Enquirer: 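Let me give you the structure first, and then I'll get to my questions.
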There are 4 protein chains.
Amino acid sequence: MTTATALTGVIPPVCTPLTPDFEVDTGSLVRLVDHLLAGGVDGLFVLGSTSEVAFLPDAHRRVVLDTVVGHVAGQVPVLAGAIDMTTLRVLDHALTAVRAGVDGLVATAPFYTRTHPAEIELHFRTLAERTGIPLYAYDLPVSVHSKLPGDLLLALAADGVLAGLKDSSGDDAALRRLLLDRPEGFAVFTGSEITVDSALWMGADGVVPGLGNVDPHGYARLYRAARDGDWVAARREQERLVRLFDLVAVGRSRMGHGSSALGAFKAALYLLGVIAHPTTAVPQIPLDESEIAAVGTYLAAADLR
Amino acid sequence: MTTATALTGVIPPVCTPLTPDFEVDTGSLVRLVDHLLAGGVDGLFVLGSTSEVAFLPDAHRRVVLDTVVGHVAGQVPVLAGAIDMTTLRVLDHALTAVRAGVDGLVATAPFYTRTHPAEIELHFRTLAERTGIPLYAYDLPVSVHSKLPGDLLLALAADGVLAGLKDSSGDDAALRRLLLDRPEGFAVFTGSEITVDSALWMGADGVVPGLGNVDPHGYARLYRAARDGDWVAARREQERLVRLFDLVAVGRSRMGHGSSALGAFKAALYLLGVIAHPTTAVPQIPLDESEIAAVGTYLAAADLR
Amino acid sequence: MTTATALTGVIPPVCTPLTPDFEVDTGSLVRLVDHLLAGGVDGLFVLGSTSEVAFLPDAHRRVVLDTVVGHVAGQVPVLAGAIDMTTLRVLDHALTAVRAGVDGLVATAPFYTRTHPAEIELHFRTLAERTGIPLYAYDLPVSVHSKLPGDLLLALAADGVLAGLKDSSGDDAALRRLLLDRPEGFAVFTGSEITVDSALWMGADGVVPGLGNVDPHGYARLYRAARDGDWVAARREQERLVRLFDLVAVGRSRMGHGSSALGAFKAALYLLGVIAHPTTAVPQIPLDESEIAAVGTYLAAADLR
Amino acid sequence: MTTATALTGVIPPVCTPLTPDFEVDTGSLVRLVDHLLAGGVDGLFVLGSTSEVAFLPDAHRRVVLDTVVGHVAGQVPVLAGAIDMTTLRVLDHALTAVRAGVDGLVATAPFYTRTHPAEIELHFRTLAERTGIPLYAYDLPVSVHSKLPGDLLLALAADGVLAGLKDSSGDDAALRRLLLDRPEGFAVFTGSEITVDSALWMGADGVVPGLGNVDPHGYARLYRAARDGDWVAARREQERLVRLFDLVAVGRSRMGHGSSALGAFKAALYLLGVIAHPTTAVPQIPLDESEIAAVGTYLAAADLR
């Protein structure tokens, strides 16, 4: 079995396809998983922000876990987000995911509450003690409204509380600093779609790219090139993906930034024939037909259609 | 029966007493409800921020709903917070509360996601359509990280989507503006403990004071005095409560602001003999013995012990 | 002579009329001062935010000081903003204002830099030591990006460093708390145009209303009514002014909030015949003709035209 | 003569040495310039944030300009910050710098005011029109509290309004995106001390490192290695500088982050014998003796002593 502590490479946060009445579209979800595996990814991250986890009721979350873990059947490690406001609520999600058979858990600091670093520490320690599988910290200030302090991450890494970090803070200076001092075996992934080559150059172990739903082959090529030391090829691939990533802004003028990005990923998967509906969860504003068509022009420009 | 739309007066957000192992202490909860009713409150708000709703797993939330609705048995209206990240998750909580028999629901804008005002509007419209009981908007930027726009609130009030507002934004200028133009029957409550007399002066219908757990009589006196036009008495009572409210800062230097306030309310209720344990939910840092004693000095200064 | 330490009442921040080529229009400035004095104000505050101080080069600032101090000639106290990033730069402005003969100085905490409370304290102590006239702290988090801590204000008040506070933080709960404990002789003014009656009710000594440029009589009536204990009349006047204050939003959709408010005040003064041009300083977007006309409708609705 | 538009390489923001009574220590300033030139830097940036420009009165700023421009005498280009709140005030500083003979100007968006992007655009256009020498935008959200939009920068670059950008936003994803589409001749510099190799890898033209005051040779080696394609050597140098950069945190627990960093740079220069006093401008808390000694341990670890 693949152990989560050895995780490296491309681990996309898997979109959650929905039917027009907002149920999980399991047929599309299975096709999406196959699309990603065929793309050469090294693991899957379900119930992350790109999976619309914040929009999914518990029943939907369970369907996602069962569908993906069942379909993957050990081919690659599956990580699951346990995303909720504070420790006991996160624990409920985490234990459900453990029972479903995931290989690792991903959790943020508490949010909604105003939390002291000592409370963030207790939060992660409690989660690790009660779950027993690898725990990854998820640094996402745009949602959580605090940044995980580097010294806290290092302390929790040294104690074996955390197996790694998904860094979606956009603070590549802090990432650089952390990478220099992290202990052996503490895996660090960037969540930024467009600075992957530089994050790998600094020593990161891999990437969790939302855009990887749309172009898993691209991220797999980028990662392989970097791993093999062909940084020029990695940069060329990255620059193509930077331009492709512009699709997240198609709807931005009339909806939230999140809706615009998630809507664009799903529109792309719909246009590529991977999922049956471009539906995003309420209350997100959906992309309209002309916006979906505009997403298509980005796919064409990136040679994906 | 009291209809929620006619709500006025003092409606404290009910603390959730916990046992030392973090279960709901229903005996203490019943005593706390009796303490509040004896204090002359006009309604109860369960599962709000002061209730540590962000820390309570679903099972705990259900125990709270059943315990309080059952014990109150219609003596006063009971509102319930349906606090979660986005619409479908909020709906799950809301429908549970409806089934438990509450008289009204309280919900924030979406959080964790970056949400456009049009999406906030759809959020509240969807909640109102699917629940069928009075819905109150909860404006709490310190947790939700956006402020509910006044024009959106007025539009939703005019359409009957919202029955009222709990304003914990601390923005009394915006509150003032809203109060001038709100339609008949749209109830506005301040969530600020220490500007109640002025909010009532501006036309607010009542208050949802966390500190009302500790001193319900005080808030009831304040409200009655204002209602009866004795503003000088209202101010005198308010100023006493302003000083009492300083207890929220006792632990502030070594924990989150939320933990410090919630810990102080519970310490006070514990010292007053209302609840059996001052326990707050993980991962909040608990007040230590000297801090609990310091809370006691505030009670004494306010003539509560 | 009126001493600045005895300040109470209405002290409008005086707009700075400009010619179309962005010079100080001293003729209009003198007319504006006369308009304010005729309106019954108790003092004048030049070079505040509403005076576009952030936009005025030093030479313009000196023209404003000399024009207003000279024209007022001791009829009412004149306070001057000394608005700049840090201590030595503020001192240069402050000493210029002292030489011009102002009665008091108004200064914010340092901005642009990231400043520790101990540094804010040293800032105000240094300013007070080197200027020798009453110093007022200006709490304006929307510009300065920090809030002046209440305990620091009280410590500086107790030591005689600060003569008072202009509170434009919008945090009326913090204002309430401060008012309860401030020492004798420490003057507190609210900078909020639309919660003046409630601030006075809480004990504030007066108001520094930008809108007072447009309707000084209104604010003077409001203040006199409150001082005389006729709170109902004060509220009626305040509510009229609340509606008038909506003019600040006329241009908001296509410019900064500041430009929209300052442009509206100047448009109103232009329509009222007080100043010759509605010009605001670069790089602010000016109101266009239809927006200026819209400002006029607010004046009419408030019975000012 | 070197034209500013061809700027590349290492352009440190020059610290401003002060005497114990807060005057510019011109002798130390000249020694610092020589230290930097001997270190192999490609240009100098005076009156930037690291130069404590926010703390320097106009007279101090003029002394710095005259001292540095006079001493450098054309050996390398000298850029000058024109740092103030809005356009006309910035213009005063800019014209003073032009008269002093600098080769380029550096300006931020307006701050203190709440500014619309259209106003930021007008700000830079006005500055460029009236100064006539190359103008660089300075993106520093930590001080200015807004981020320069990428599309605005590209539009101003295309029109020749801006000659380049100093990016101190810490947002390397936005930097990456900009670098892909910038027009020929638009120079982009990172202001981050610890992601220089990756910024150069993405295509940046150089770096403006505060830490370059302390170790100009290190940054020069880093830049030369990257320019010559020896990225492994560049990374090795960068990683040494990452560890050295930790000196900025020595005083952080008891002062502002800015004071801690500026105090550490000056303490290092003092320990290295370059400047006569480690004095920082009021109201910054100075490092104490033990903190200065701690800075020395970082110098030793980096083989600088």
Side-chain angles (χ1 to χ4, degrees), chain A residues 18 22-23 49 52-61 83-93 108-127 130 140 142-146 251-262 280-285, chain B residues 18 22-23 49 52-61 83-93 108-127 130 140 142-146 251-262 280-285:
Chain A
L18 298 176
F22 304 120
E23 296 299 324
S49 300
E52 296 175 88
V53 67
F55 299 90
L56 300 181
D58 288 0
H60 288 54
R61 293 185 182 196
I83 306 301
D84 216 310
M85 292 172 256
T86 61
T87 314
L88 295 183
R89 293 188 61 80
V90 172
L91 256 180
D92 277 0
H93 299 293
T108 70
F111 52 92
Y112 188 89
T113 67
R114 290 170 286 173
T115 306
H116 191 276
E119 295 168 337
I120 297 176
E121 178 171 353
L122 180 57
H123 173 74
F124 283 118
R125 288 190 184 277
T126 305
L127 293 177
R130 300 210 196 165
L140 187 66
V142 74
S143 292
V144 174
H145 298 281
S146 66
R252 194 172 283 174
S253 64
R254 60 181 198 92
M255 62 188 70
H257 281 211
S259 312
S260 174
L262 297 173
T280 50
V282 277
Q284 296 172 97
I285 306 291
Chain B
L18 298 175
F22 304 120
E23 295 299 323
S49 300
E52 296 175 90
V53 66
F55 299 90
L56 301 180
D58 289 0
H60 288 54
R61 293 184 182 197
I83 305 301
D84 216 311
M85 292 172 255
T86 61
T87 314
L88 296 183
R89 294 189 61 80
V90 172
L91 256 179
D92 277 359
H93 298 293
T108 70
F111 53 91
Y112 188 88
T113 68
R114 289 170 287 175
T115 307
H116 190 274
E119 295 168 336
I120 297 175
E121 178 171 353
L122 180 58
H123 173 73
F124 284 118
R125 288 191 185 278
T126 304
L127 294 176
R130 301 209 195 165
L140 186 67
V142 73
S143 292
V144 174
H145 299 282
S146 66
R252 194 173 282 173
S253 64
R254 60 181 198 93
M255 61 188 70
H257 282 211
S259 312
S260 173
L262 297 173
T280 50
V282 277
Q284 295 172 98
I285 305 291

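Proteins get letters first, then strands, A, B, ... in listed order; numbering begins at 1 in each. Worth saying up front: this structure is predicted, and the values here are computed from it rather than measured.
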Enquirer: Among A:Asp92, A:Thr86, A:Leu91, find the residue that satisfies the side chain to side chain contact (heavy atoms under 4.5 Å, CB included) test when tested with B:Pro57.
Expert: A:Asp92
Enquirer: For each of A:Val90, A:Thr115, A:Val142, tally heavy-atom pairs with chain B at distances under 4.5 Å, and name the one with the top tally.
Expert: A:Val142
Enquirer: Below 4.5 Å, heavy-atom pairs only: which of A:Ala54, A:Gly256, A:Pro283 has the largest tally toward chain B?
Expert: A:Pro283
Enquirer: Do B:Thr108 and A:Tyr112 pass the side-chain hydrogen bond (donor to acceptor under 3.5 Å, both in side chains) test, and can you show the C-alpha distance, the side-chain angles, and the key distance before you say yes or no?
Expert: CA-CA 11 Å; B:Thr108 70; A:Tyr112 188 89; 5.6 Å; no
Enquirer: Can you confirm whether B:Glu119 sits close enough to A:Ser259 that some side-chain heavy atom of one is under 4.5 Å from a side-chain heavy atom of the other?
Expert: yes
Enquirer: How are the rings of B:His145 and A:His145 set relative to one another: parallel (under 30°), tilted (30 to 60°) or perpendicular (over 60°)?
Expert: parallel
Enquirer: Check whether B:Arg61 gets within reach of chain A through its side chain, its backbone, both or neither, counting any heavy atom under 4.5 Å.
Expert: side chain
Enquirer: Taking side chain as everything from C-beta outward and backbone as N, CA, C, O, which of these in A:Ile83 sits under 4.5 Å from a heavy atom of chain B? Side chain, backbone, both or neither.
Expert: both
Enquirer: If I compare all heavy atoms of A:Arg89 with all of B:Asp84, which pair ends up nearest, and what's the gap?
Expert: NH2-OD2, 3.3 Å
Enquirer: Under a 4.5 Å cutoff for heavy-atom pairs, which residue among A:His116, A:Met255, A:Gln284, A:Arg125 has the most contacts with chain B?
Expert: A:His116
Enquirer: When you compare the side chain of B:Phe55 with that of A:Thr113, does any pair of heavy atoms fall below 4.5 Å?
Expert: yes
Enquirer: Which residue out of A:Arg114, A:Glu121, A:His123 racks up the most heavy-atom pairs below 4.5 Å with chain B?
Expert: A:Arg114
Enquirer: Could you check whether any side-chain heavy atom of B:Leu56 comes within less than 4.5 Å of a side-chain heavy atom of A:Leu88, counting everything from C-beta outward?
Expert: no
Enquirer: Test of understanding: with side-chain contact (heavy atoms from CB on, under 4.5 Å), list the residues that count as partners of A:Ala261, not counting sequence neighbours.
Expert: A:Val248
Enquirer: Are the side chains of B:Asp58 and A:Asp58 in touch, meaning some heavy atoms are under 4.5 Å apart?
Expert: yes
Enquirer: A:Arg254 versus chain B, heavy atoms under 4.5 Å apart: side chain, backbone, both or neither?
Expert: backbone
